[in-house]
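First the structure, in the form of structure tokens, and then the observations on it.
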Amino acid sequence: MCNSATHASHPYAAGETPPAYREPESTDGTDTADGGAPAERRRRKGGYPPLPEPLPVPVIDNHTHFDFREGSVEVSIRQALDAAEAAGVRGAVQVGTDLASSRFTADVVGQDTRLLGAVALHPNDAPLLEEAGTLDDALAEIEQLAAGPRIRALGETGLDYFRTGEEGRGGQLRSFRSHIDIAKRLGKALQIHDRDAHDDVVATLLADGAPERVVLHCFSGDADLARTCNEHGWYMSFAGTVTFRNAGNLREALRVADPALVLTETDAPFLTPHPHRGRPNASYLVPYTVRAMAGILGADLDSLCARLTANTEAVYGSWD
């Protein structure tokens with residue numbers, strides 16, 4: 001269990017938005033996140049949702065972005081993790097998507113024992129770096145950052161055919177293959193972003209040889225892809241999307257998935273689970289997804305939570 005003497009008790013109540021996540025009446029216009037990374041700012045209708053009933057057994061959010069900000073809300077790493085812990089989410093993996101956010105990740109993972117990290121170049125950024133002639137230098141820095149003891153994964157990397165057209169796929173593939181190689185050489189897990197590219201992601205992993213631990217972040221496939229993951233021992237991480245009404249394919253995939261290969265995540269501030277879809281997401285909202293997963297599986301909630309935590313630690317190691 002990852003605990004600290006400073007975490008003992010917090011004034012958080014189910015049904016109320018944690019104080020740090022409430023939109024202030026005014027803002028000073030600050031545009032940098034903790035650790036110096038440029039803050040990503042968005043504003044979604046309704047603000048952050050209320051804290052759910054805490055889970056009976058703690059789980060871990062294995063993919064979140066603490067450097068992405070929502071409106072003028074300023075939440076520190078400690079505040080975010082305190083709110084999550086109040087909801088029964090005892091740890092998180094902070095994930096990089098470019099050099100700035102990966103540097104941020106490498107810096108903040110040492111601030112709290114409840115936090116581990118992943119660093120990478122997002123597949124939509126790779127073609128831009130390739131075109132600028134800086135992809136190799138960026139990959140070299142990612143490898144340096146990945147060597148840190150609390151950086152446990154290369155991610156998020158992979159292939160995205162939704163936002164990047166045919167002309168950028170060569171750069172994406174080269175970057176993805178480099179991340180696979182780094183993960184294997186450093187003994188790290190691999191977190192994969194796979195959007196509209198299932199067949200090529202699988203083919204690349206099989207051709208290059210997958211790292212020992214592979215996670216399909218925000219699993220977006222169907223039952224057939226889940227069976228492929230079962231066959232190869234690849235982990236499937238389910239986000240708030242599994243709660244969406246139009247996501248029958250994800251619910252069927254979850255039913256097919258080997259229980260020993262299932263994880264959960266937020267991808268915060270994105271993909272907020274039902275009934276708060278469209279509002280900003282945060283690690284403290286994981287219980288909505290986990291309870292939905294238990295319902296889909298017809299599983300005992302305590303047992304599912306314990307399984308999710310064991311699976312997550314099998315991928316990333318201990319948080320202590």
Side-chain angles (χ1 to χ4, degrees), residues 55 59-64 89 93 95 118 123 153 155-163 176 189-206 210-268 270-277 281 285-301 303-316:
L55 292 169
V59 300
I60 297 167
D61 178 2
N62 94 113
H63 189 111
T64 191
V89 181
V93 179
V95 179
E156 56 187 285
T157 181
L159 301 173
D160 186 322
Y161 293 169
F162 178 78
R163 296 191 184 279
F176 183 28
L190 185 74
Q191 277 200 4
I192 294 177
H193 172 106
D194 166 21
R195 190 166 187 186
D196 294 352
H198 305 321
D199 290 346
D200 285 353
V201 165
V202 171
T204 303
L205 288 171
L206 295 180
E212 182 180 352
R213 301 177 308 284
V214 171
V215 178
L216 272 68
H217 131 71
C218 188
F219 186 86
S220 60
D222 55 14
D224 286 341
L225 183 59
R227 293 186 185 97
T228 298
C229 291
N230 289 345
E231 178 184 354
H232 297 289
W234 300 337
Y235 291 82
M236 293 156 273
S237 180
F238 289 86
T241 44
V242 76
T243 73
F244 295 175
R245 292 179 183 176
N246 62 348
N249 64 310
L250 297 182
R251 289 185 280 277
E252 183 58 28
L254 176 59
R255 295 185 188 103
V256 167
D258 180 343
L261 298 174
V262 172
L263 309 176
T264 193
E265 66 172 90
T266 56
D267 197 22
F270 314 108
L271 307 180
T272 310
H274 178 79
H276 300 294
R277 183 178 182 181
N281 203 1
L285 297 171
V286 165
Y288 288 109
T289 300
V290 173
R291 285 191 166 92
M293 292 169 68
I296 293 163
L297 294 169
D300 173 73
L301 182 60
S303 298
L304 176 61
C305 290
R307 167 64 80 174
L308 289 170
T309 295
N311 293 349
T312 308
E313 291 186 327
V315 176
Y316 303 101

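Only this structure's heavy atoms are used, side chains among them; waters, hydrogens and symmetry mates stay out.
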Side-chain donor/acceptor of Asp222 to backbone N/O of Asn249, under 3.5 Å: no

No-hydrogen, no-angle side-chain donor-acceptor test under 3.5 Å, Asn62 and Thr312: no

Plane angle bin for His217 and His63 - parallel if under 30°, tilted between 30 and 60°, otherwise perpendicular: parallel

Modelled atom types, side-chain donor and acceptor of Tyr235 and Gln191, under 3.5 Å: no

Nearest non-hydrogen partners of Ala226 and Ala253, listed with the distance: CB-O, 3.7 Å

Shortest non-hydrogen separation from Leu159 to Phe176 and the atoms involved: CG-CD2, 3.9 Å

Distance in Å, Met293 CE paired with Leu250 CG, rounded so as to fall on 0.5 Å steps: 11.0 Å

Contact summary for Pro273 and Phe244, nearest pair of heavy atoms: CA-CE2, 4.4 Å

For Glu252, salt bridge (Lys or Arg N to Asp or Glu O under 4.0 Å) partners two or more places apart: Arg255

Test side-chain contact (heavy atoms from CB on, under 4.5 Å) applied to Leu261 and Asn230, step by step: CA-CA 7 Å; Leu261 298 174; Asn230 289 345; 3.9 Å; yes

Any Val89 side-chain heavy atom under 4.5 Å of Pro287 side chain: yes

Ala306 backbone acceptor or donor facing Thr309 side chain under 3.5 Å: no

Any Trp234 side-chain heavy atom under 4.5 Å of Val202 side chain: yes

Closest heavy-atom pair and its distance - Leu301, Ala294: CD1-CB, 4.1 Å

Asp258 side chain to Cys229 backbone, donor-acceptor under 3.5 Å: no

Check against side-chain contact (heavy atoms from CB on, under 4.5 Å), Leu297 and Val262: CA-CA 12 Å; Leu297 294 169; Val262 172; 6.0 Å; no

Worked check of side-chain contact (heavy atoms from CB on, under 4.5 Å) between Val286 and Glu265: CA-CA 7 Å; Val286 165; Glu265 66 172 90; over 6 Å; no

Val215 and Leu190, any side-chain heavy atoms less than 4.5 Å apart: no

Distance in Å, Phe238 CZ paired with Leu308 CG, rounded so as to fall on 0.5 Å steps: 10.5 Å

Separation between OG1 of Thr204 and CG of Asp199, rounded to the nearest 0.5 Å: 10.5 Å

Contact summary for Gly221 and His198, nearest pair of heavy atoms: CA-NE2, 3.7 Å

Heavy-atom closest pair, residues Val290 and Cys305: CG1-SG, 3.9 Å

Check: Asp267 side chain, Leu271 main-chain N or O, donor-acceptor pair, under 3.5 Å: no

Side-chain heavy-atom pair Val93, Thr64 within 4.5 angstrom cut-off: no

Spacing of CG belonging to Asp160 relative to CD1 belonging to Ile192, to within rounding of 0.5 Å: 13.0 Å

Candidate pair Tyr161 and Val201, rule side-chain contact (heavy atoms from CB on, under 4.5 Å), full reasoning: CA-CA 11 Å; Tyr161 293 169; Val201 165; over 6 Å; no

Short side-chain donor-acceptor distance under 3.5 Å, Thr266 and Asn281: no

Test item: Arg213 side-chain N/O and Val315 main-chain N/O as donor-acceptor pair under 3.5 Å: yes

Reported CG-to-SG distance for the pair Leu263 and Cys218, which is rounded to 0.5 angstrom: 12.5 Å

Backbone N/O of Ile296 and side chain of Arg251: donor-acceptor pair under 3.5 Å: no

Check: Ala203 main-chain N/O paired with Asp200 side-chain donor or acceptor under 3.5 Å: no

Within 6.0 angstrom of Asp224 CG, more than 12 heavy atoms from elsewhere: yes

Modelled atom types, side-chain donor and acceptor of Tyr288 and His276, under 3.5 Å: yes

Separation between CG of Leu254 and CE of Met236, rounded to the nearest 0.5 Å: 9.0 Å

